[in-house]
Peer 1: 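The structure that follows is given in the form of structure tokens.
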Amino acid sequence: MVGDIFQSAGEAVLYGVVGFAVMAVAFYALDLVTPGHLAKIVWKDRNKGAAVVLGGEMLGVGWVIAEAIRASESEEGLGYGLLSTGLYGLAGVVVMTLAFAVVGAITPGPMGAMVLEDQDNRPHPAAWVQGAVYVGTALMVGAALS
């Protein structure tokens with residue numbers, strides 16, 4: 001009984017590590033499609049638009065990972081479950097990054113730059129749109145996994 005609890009807790013930690021690794025990949029993917037160094041822009045420069053977009057992305061990735069864990073092939077064993085969760089999560093990151101790029105390509109201005117333009121100490125409206133695109137895309141990917 002107690003052994004089962006420790007085993008489940010250990011598996012939860014491993015799934016969390018996989019989810020965090022996918023979140024790190026998503027962070028770097030967003031960093032590639034936005035101008036400048038995203039960590040500096042959010043944490044040092046306190047850019048609200050960048051924070052809105054990054055927050056939307058992380059929320060979306062968390063949703064995709066949750067659905068990926070539910071859909072994982074864990075009945076085939078822990079290793080296979082972790083692998084499928086990671087691959088499903090990375091697929092979500094690819095789709096979300098493509099959605100960001102498409103919206104950036106069809107809207108005015110350099111891709112990703114407009115979302116970083118805070119005005120009057122408020123995020124640009126495009127930041128809210130891009131953040132919502134991330135969450136909406138994640139919901140679609142998550143539904144496809146279930």
Side-chain angles (χ1 to χ4, degrees), residues 1-107 111-118 122-146:
M1 180 82 163
V2 173
D4 292 342
I5 294 171
F6 279 111
Q7 180 179 349
S8 294
E11 290 175 5
V13 168
L14 293 174
Y15 277 103
V17 168
V18 169
F20 184 75
V22 173
M23 284 183 147
V25 170
F27 178 88
Y28 286 110
L30 180 58
D31 197 21
L32 287 175
V33 295
T34 53
H37 184 51
L38 187 60
K40 178 186 175 296
I41 292 170
V42 172
W43 277 272
K44 287 191 93 176
D45 300 345
R46 298 174 181 246
N47 183 288
K48 292 173 178 60
V52 167
V53 173
L54 180 59
E57 182 192 42
M58 291 298 117
L59 184 61
V61 171
W63 180 266
V64 169
I65 292 297
E67 293 299 320
I69 291 170
R70 286 188 191 96
S72 72
E73 313 298 332
S74 59
E75 65 276 355
E76 301 295 327
L78 178 61
Y80 203 70
L82 293 170
L83 176 65
S84 61
T85 296
L87 292 176
Y88 294 157
L90 291 174
V93 170
V94 168
V95 174
M96 290 190 293
T97 303
L98 287 174
F100 182 92
V102 167
V103 171
I106 63 174
T107 54
M111 184 175 72
M114 192 172 291
V115 298
L116 304 181
E117 295 175 5
D118 286 352
R122 296 183 357 205
H124 191 285
W128 295 103
V129 173
Q130 287 287 23
V133 166
Y134 270 124
V135 173
T137 305
L139 291 172
M140 290 185 286
V141 171
L145 292 174
S146 54

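On a predicted model such as this, the values are computed, not experimentally measured, just so you know.
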Peer 1: With a 4.5 Å limit on heavy-atom distance, are the side chains of Trp63 and Leu139 in contact?
Peer 2: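 Result yes, sub-4.5 Å side-chain heavy-atom pair found.
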Peer 1: Search all heavy atoms of Val93 against all heavy atoms of Ala29 and return the closest pair with its distance.
Peer 2: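 That closest heavy-atom pairing would be CG1-CB, 4.3 Å.
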Peer 1: Which value, rounded to the nearest 0.5 Å, describes the distance between Leu83 atom CG and Ser72 atom OG?
Peer 2: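 One finds 10.5 Å between CG of Leu83 and OG of Ser72.
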Peer 1: Between Asn47 and Ile41 (side chain of the first, backbone of the second, donor and acceptor by atom type, cut-off under 3.5 Å), is there such a pair?
Peer 2: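 No; zero donor-acceptor contacts below 3.5 Å.
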Peer 1: What's the verdict on side chain to side chain contact (heavy atoms under 4.5 Å, CB included) for Met58 and Met23, showing C-alpha distance, side-chain angles and the deciding distance?
Peer 2: CA-CA 7 Å; Met58 291 298 117; Met23 284 183 147; 4.0 Å; yes
Peer 1: Quick one: closest heavy-atom pair of Val141 and Gly92, and the distance?
Peer 2: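 Of all heavy-atom pairs spanning Val141 and Gly92, the closest is CG1-CA, 3.8 Å.
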Peer 1: Quick one: closest heavy-atom pair of Pro35 and Leu116, and the distance?
Peer 2: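 Distance-wise, the nearest heavy atoms are O-CD1, 3.5 Å.
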Peer 1: Go through Leu78 and Tyr15 one step at a time and tell me if the side chain to side chain contact (heavy atoms under 4.5 Å, CB included) criterion holds.
Peer 2: CA-CA 9 Å; Leu78 178 61; Tyr15 277 103; 3.9 Å; yes
Peer 1: How far does CG of Leu90 sit from CD1 of Ile65, to the nearest 0.5 angstrom?
Peer 2: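 Separation between the atoms: 7.5 Å.
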Peer 1: Restricting to non-hydrogen atoms, name the atom on Val42 and the atom on Ala50 that form the minimum distance, rounded to 0.1 Å.
Peer 2: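 Closest approach of Val42 to Ala50: CG2-CB, 3.7 Å.
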Peer 1: Quick one: pull up CD in Glu67 and CE in Met140 and give me the separation to the nearest 0.5 Å.
Peer 2: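 So the gap between those two atoms works out to 14.0 Å.
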Peer 1: Might you point out which heavy atoms bring Arg122 and Lys48 nearest each other, and give the distance in Å?
Peer 2: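 That closest heavy-atom pairing would be CA-CD, 4.5 Å.
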Peer 1: Which pair of non-hydrogen atoms, one from Pro123 and one from Val52, has the smallest distance, and what is that distance?
Peer 2: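 Nearest heavy atoms, Pro123 then Val52: CG-CG2, 4.0 Å.
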Peer 1: So how far is it from His124 NE2 to Gln130 CD, rounded to the nearest 0.5 Å?
Peer 2: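 Nearest 0.5 Å value for the NE2-CD distance: 11.0 Å.
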Peer 1: Please round to the nearest 0.5 Å and tell me the distance separating atom CD of Glu57 and atom CG of Leu38.
Peer 2: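 It is 8.0 Å, given to the nearest 0.5 Å.
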Peer 1: Should the pair Tyr134 and Phe100 be assigned to parallel (<30°), tilted (30 to 60°) or perpendicular (>60°) ring geometry?
Peer 2: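 Ring orientation, 0 to 90° scale: parallel.
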Peer 1: Going by side chain to side chain contact (heavy atoms under 4.5 Å, CB included), Thr97 matches just one of Thr137, Val25, Val102, Val33. Which one?
Peer 2: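 Testing Thr97 for a side chain to side chain contact (heavy atoms under 4.5 Å, CB included) against Thr137, Val25, Val102, Val33 leaves exactly one candidate, Val33.
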